[in-house]
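The structure under discussion appears below in the form of structure tokens.
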Amino acid sequence: MNEELIFKNSNDDFETTCSSIYFTKLKRLTEDYFNVSCIDLAKNLLGTILVRQLSDGTILKGKIVETECYLGSEDKASQSYNGKKTPRNEPMFMKPGTLYVYMTYGMYYCINISSQGEGAAVLLRSVEPLVGLDKMIENRCQYHVKRKRNFAGEKIPQSRISRRKFKPHELCNGPSKLCISFDINIENCNKKNVSDFSDLWLEERMDQINESNIISSTRIGIESAGTEWASKLLRFYIYENKNVSIKDRERELLRNPIRNK
DNA sequence: CTACGGATGCCCT
DNA sequence: GGGCATCCGTAGA
């Protein structure tokens, strides 16, 4: 549609297209935007732009392409199930638009945005990188440097770390990958309200997003909550977007049998 | 391509 | 002490 800009990375094989979003001043989402039901917010967030300003002034941008709902008291998979309120999940109960960042598996973060509804929040699962890909790669690489070993527990030689390459769609295709790429952690983002925070905010979408290109699917990694809640369609993603962490081919077929054959 | 196991630290019971 | 809204490398098809 609009003119496209080719982004080049220091790696030769690393390039991606980026729409004119890079140049456009988009409207920031204000508090009213977040004061809707969890499911509405999860769908509305698809296509909106996540913007992060790092302490050194670097701007990172990405389009939200995958979200999940955690409904609150009734939802067995939610940390706020049964009205459970703890120091950790308090942001889920704060006013809509509040960021809830928590640590999982001892080494990863996830970021949520609270919505209307007691204890309800939307998990941001995947983002399509648009601006600042170099910095995102650096953040992902540094994460490995910090660990000084790979995930098999072997030490990684420095030379190998610097050679590690990321394709654009591998940078933020998962809740914790996006937190690493965007340098989001508890200390710098938890409990802030996205409608009034200078380091992280959201901007209105330019894409046409509607029921025809949203896939509804089951949530990821919550099987232990039991089949009833694990099978509810509370995950939403943009159809045919490469940055989605896990695709649901069955649901895509149901939605669009002709296009998929 | 999918399946699987291990890392790792903190929260909550 | 159990479990976790994950990720990654390896093994095998």
Side-chain angles (χ1 to χ4, degrees), chain A residues 38-39 41-42 45 64-93 99-115 119-127 136-137 139-157 160-161 163-167 169-182 184-187 189-191 217-237 242-250:
Chain A
C38 193
I39 290 176
L41 181 60
L45 283 174
I64 295 172
V65 301
E66 183 185 2
T67 57
E68 268 178 15
C69 290
Y70 287 87
L71 299 180
S73 200
E74 71 208 273
D75 183 354
K76 257 190 148 174
S78 176
Q79 291 176 11
S80 54
Y81 173 58
N82 226 350
K84 190 178 77 173
K85 200 170 172 181
T86 66
R88 181 173 65 154
N89 74 7
E90 192 194 341
M92 297 183 89
F93 294 86
L99 295 174
Y100 172 37
V101 184
Y102 69 90
M103 177 176 273
T104 188
Y105 293 98
M107 55 179 114
Y108 298 113
Y109 296 104
C110 291
I111 183 169
N112 301 254
I113 301 175
S114 74
S115 70
V122 175
L123 170 71
L124 304 186
R125 279 197 62 90
S126 299
V127 157
M136 295 180 198
I137 291 169
N139 288 342
R140 291 290 302 279
C141 289
Q142 273 192 3
Y143 183 78
H144 288 260
V145 172
K146 205 167 116 191
R147 291 179 52 86
K148 293 262 193 335
R149 37 187 81 232
N150 65 18
F151 285 85
E154 303 159 324
K155 287 194 173 171
I156 308 173
R160 202 175 139 204
I161 293 168
R163 271 194 278 116
R164 162 124 200 199
K165 289 179 181 176
F166 292 97
K167 291 172 184 157
H169 71 273
E170 294 170 338
L171 285 171
C172 308
N173 59 338
S176 298
K177 293 183 198 172
L178 89 83
C179 285
I180 297 170
S181 290
F182 277 70
I184 291 167
N185 56 49
I186 294 174
E187 205 167 88
C189 288
N190 194 36
K191 293 191 181 180
S217 181
T218 52
R219 294 176 289 181
I220 307 298
I222 53 147
E223 293 77 11
S224 60
T227 50
E228 186 195 345
W229 281 92
S231 58
K232 289 191 187 291
L233 304 180
L234 291 172
R235 182 168 68 102
F236 306 101
Y237 65 86
K242 211 176 175 185
N243 301 268
V244 172
S245 64
I246 297 174
K247 299 197 173 181
D248 186 338
R249 300 295 179 196
E250 265 182 48

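Worth saying up front: this structure is predicted, and the values here are computed from it rather than measured. In what follows, chains carry the letters A, B, and so on, assigned in the order in which the sequence lines appear, proteins first and then strands, with residues in each chain numbered from 1.
As rounded to whole Å, 14 Å separates atom C1' of B/dT13 from atom CG of A/Asn82. To the nearest angstrom, P of C/dA5 lies 15 Å from CG of A/Leu71. Across the protein-nucleic acid pair, A/Lys76 atom NZ and C/dC4 atom C1' stand 17 Å apart, rounded to whole Å. For the pair A/Asn185 CG and C/dT6 P, the computed distance is 18 Å after rounding to whole Å. Rounded to an integer number of Å, the gap from CD of A/Glu68 to C1' of C/dT6 is 12 Å. Between A/Lys85 atom NZ and B/dT13 atom C1' the separation is 20 Å, expressed in whole Å. Put simply, OH on A/Tyr109 is 15 Å from P on B/dT8, counting in whole angstrom units. Between the P atom of C/dG3 and the CG atom of A/Asn89 lies a distance of 20 Å, rounded to the nearest Å.
Contact annotation: the side chain of A/Tyr100 approaches that of A/Arg88 to within less than 4.5 Å [non-hydrogen atoms, C-beta and beyond]. With contacts defined as side-chain heavy-atom distances shorter than 4.5 Å, the pair A/Cys172/A/Phe182 qualifies.
The 12-atom threshold is not exceeded at NZ of A/Lys242, counting heavy atoms of other residues, nucleotides or ligands nearer than 6.0 Å.
For A/Met107, whose side chain is taken as the heavy atoms from C-beta onward, the closest listed nucleotide among B/dC10, C/dA5, B/dT8 is B/dT8. For A/Ile222, the listed nucleotide lying nearest its side chain is C/dA5; candidates were B/dC12, C/dA5, B/dC10. Of the candidate nucleotides C/dC8, C/dA5, C/dC4, C/dC4 has the atom lying nearest to any side-chain atom of A/Ser224. Comparing atom distances between the A/Lys177 side chain and each of B/dC12, C/dA5, C/dC7 picks out C/dC7 as nearest. Considering only the side chain of A/Arg140, C/dC7 comes nearest among C/dA5, C/dC7, B/dT13.
To the nearest 0.5 angstrom, A/Lys191 atom NZ is 12.5 Å from A/Leu99 atom CG. From A/Ile184, atom CD1 reaches atom OH of A/Tyr109 across 11.5 Å, with rounding to the nearest 0.5 Å.
Residue side chain A/Tyr102 reaches the base of C/dA5 through a donor-acceptor N/O pair under 3.5 Å, judged by distance alone.
At the heavy-atom level, A/Arg88 lies under 4.0 Å from the strands shown only through sugar-phosphate atoms.
A stacked arrangement is not assigned to A/Tyr108 and the six-membered base ring of C/dT6, the conditions of a centre distance below 5.5 Å and an interplanar angle below 30° not being jointly met. Ring-to-base geometry does not place A/Tyr105 in a stacked arrangement with B/dT8 (centre distance under 5.5 Å, plane angle under 30° required).
Across every strand in view, C/dG3 sits in a pair with B/dC10 that passes the Watson-Crick or G-U test at under 3.5 angstrom.
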